[in-house]
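Comments concern the structure below.
Position 1 is the first residue of the sequence; numbering continues from there.
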Amino acid sequence: MPGSRQDLRQQLSTLAFSQAGYFTAAQALAVGYTYRAQKYHVDHGNWVRVQRALFRLPGWPSNADDTYARWSVWSRGEGVISHESAMSVLELSDVNPAHVHLTVPATFRAADDAVVLHRGVVSDGEAEQRSGWRVTTALRTLVDVAGSDTPMETVEDGVRDALERGLTTRRRLQLGADERGGRARSRMSDLLARVSS
């Protein structure tokens, strides 16, 4: 039967594997690693400190989606990759955002210069699960960017790509934008008219 130290290592490894190798200081503490033990593991190369209170298992293979997993774990799993970042993930237009866009609950308080936070609720049906992170669906993403400051041409390209690939329909896009109201509704009407011409 494994000893206590082995149990801790196994629990932490299981957690980290579900999050692309990342874990937070709070998660390590919940498993049973004191802050002193956390410092020990960083100092001895057992863990890699990514930033304050965020770690990764050493030797974890690099992946193009590492950034999304990192910021999802940073947000304690509350953040969903959204807006222009979701457009990039879903390959809707050729957008290449300078920051990671996350939709987080209104109660979320952390901040970082590398992340653009959007406050809102993302239902289970509006997100797709990836390896250690979630991203908004094409429909939710396009409604989000229609209501944002994303350039009209970029959103138009995204709408065209999504329709051509069968990721959503014109009717669903308009209904989603109508439910959102405001800028999303008016811009989506214009976008759909432009895409049809």
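- Between Leu57 and Asn46, the closest side-chain pair of non-hydrogen atoms is not below 4.5 Å.
- Of all heavy-atom pairs between Thr154 and Met87, the closest is O-CE, 3.5 Å.
- Here CG of Leu163 is found 7.0 Å from CG of Leu192. Values are rounded to the nearest 0.5 Å.
- For the residue pair Asp178 / Gln174, a side-chain donor-acceptor distance below 3.5 Å is found, with atom types taken as modelled.
- Side-chain contact, Thr136 with Ser82: no donor N or O sits under 3.5 Å from an acceptor N or O.
- Shortest non-hydrogen contact noted between Thr137 and Leu90 is C-CD1, 3.8 Å.
- Residue Asp43 qualifies as enclosed at atom CG: its count of foreign heavy atoms under 6.0 Å is above 12.
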Exercise for review: Decide side-chain contact (heavy atoms from CB on, under 4.5 Å) for Arg165 and Glu91; before the verdict, give the C-alpha distance in whole Å, the side-chain angles of both, and the deciding distance to 0.1 Å.
Suggested key: CA-CA 11 Å; Arg165 290 164 47 201; Glu91 298 178 351; 4.1 Å; yes
Review point. Taking it one step at a time, do Arg185 and Asp190 satisfy salt bridge (charged side-chain N to carboxylate O under 4.0 Å, His left out)?
Key: CA-CA 9 Å; Arg185 175 190 292 142; Asp190 292 344; over 6 Å; no
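- Ring-plane geometry between His41 and Trp47 is classed as parallel, the angle between the planes falling under 30 degrees on a 0 to 90 degree scale with a further cut at 60.
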Practice item. Take Val42 and Lys39, measure what side-chain contact (heavy atoms from CB on, under 4.5 Å) needs, and give me the verdict at the end. Key: CA-CA 5 Å; Val42 170; Lys39 181 179 181 334; 5.8 Å; no
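- Taking 4.5 Å as the limit, some side-chain heavy atom of Leu92 sits within range of a side-chain heavy atom of Leu167.
- Of all the heavy atoms in Val135 and Ala86, the pair that sits closest is CG2-CB, 3.6 Å.
- Within the 4.5 Å cutoff, the side chain of Asp161 has no heavy atoms near those of the Glu156 side chain.
- Looking at Ser93, its side chain never comes within 3.5 Å of a backbone N or O of Asp157 through a donor-acceptor pair.
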**Study point:** Full working for side-chain contact (heavy atoms from CB on, under 4.5 Å) between Trp60 and Phe17
**Key:** CA-CA 9 Å; Trp60 194 269; Phe17 271 73; 3.6 Å; yes
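- Cluster annotation: Val195 and Met152 are assigned to the same hydrophobic cluster (Ile/Leu/Val/Met/Phe/Trp/Tyr, side-chain heavy-atom contacts under 4.5 Å, transitive).
- Formation of a donor-acceptor pair under 3.5 Å by the Gln38 side chain with backbone atoms of Ala28 is not found in this model.
- Here the shortest heavy-atom pairing between Met188 and Leu142 reads CE-O, 3.7 Å.
- Annotation: side chain of Thr141 is not in contact with side chain of His83 (no heavy-atom distance under 4.5 Å).
- Between the CD atom in Gln19 and the OG atom in Ser131 there is a gap of 10.0 Å [rounded to 0.5 Å].
- The salt bridge (charged side-chain N to carboxylate O under 4.0 Å, His left out) search around Arg9 returns none, not counting sequence neighbours.
- Looking only at side-chain heavy atoms (C-beta outward), Tyr68 and Asp65 come within less than 4.5 Å of each other.
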Practice item. Would you sort out whether Trp74 and Phe23 count as a ring pair (Phe, Tyr, Trp, His ring centres under 6.0 Å), showing the intermediate values? Key: CA-CA 8 Å; Trp74 170 83; Phe23 56 96; over 10 Å; no
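- Within 6.0 Å of CZ in Arg36 there are 12 or fewer heavy atoms belonging to other residues, nucleotides or ligands.
- Summarising the geometry, atom OH belonging to Tyr33 is positioned 13.0 Å from atom CD belonging to Gln27; distances are rounded to the nearest 0.5 Å.
- Put simply, the side chain of Leu102 does not reach to within 4.5 Å of the side chain of Val116, judged on heavy atoms.
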**Study point:** Val104 vs Val80, side-chain contact (heavy atoms from CB on, under 4.5 Å): CA-CA, chis, key distance, verdict
**Key:** CA-CA 7 Å; Val104 294; Val80 180; over 6 Å; no
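- In this structure a side-chain-to-backbone donor-acceptor pair under 3.5 Å is missing from Glu179 to Gly176.
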Exercise for review: Applying ring pair (Phe, Tyr, Trp, His ring centres under 6.0 Å), run through Tyr22 and Trp71 and close with a yes or a no.
Suggested key: CA-CA 10 Å; Tyr22 292 100; Trp71 293 109; 9.5 Å; no
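- Val89 has its side chain within reach of Arg130: a pair of non-hydrogen atoms, C-beta onward, lies under 4.5 Å apart.
- With values rounded to the nearest 0.5 angstrom, Ser75 atom OG is found 12.5 Å from Trp133 atom CH2.
- Here the closest heavy-atom approach between residue Val115 and residue Leu117 is recorded as CG1-CD2, 3.6 Å.
- Ion pairing between Arg140 and Asp144 holds under the 4.0 Å rule for side-chain N and carboxylate O.
- Side-chain atoms of Ser13 and Gln10 include no donor-acceptor pair closer than 3.5 Å.
- Distance check, rounded to the nearest 0.5 Å: OG1 of Thr103 to NE2 of His118 gives 6.0 Å.
- Expressed to the nearest 0.5 Å, how far CZ of Arg160 lies from CG of Leu191 amounts to 9.5 Å.
- In this structure the side chain of Asp113 never reaches within 4.5 angstrom of the side chain of His99, judged on heavy atoms.
- For the pair Arg187 and Val145, the tightest heavy-atom approach, listed with the atom from each and the gap, is NH1-O, 3.5 Å.
- Under the 6.0 Å distance and 45° angle rule, Arg49 does not count as a cation-pi partner of Phe55.
- Around atom CZ of Arg180, more than 12 heavy atoms belonging to other residues, nucleotides or ligands sit under 6.0 Å away.
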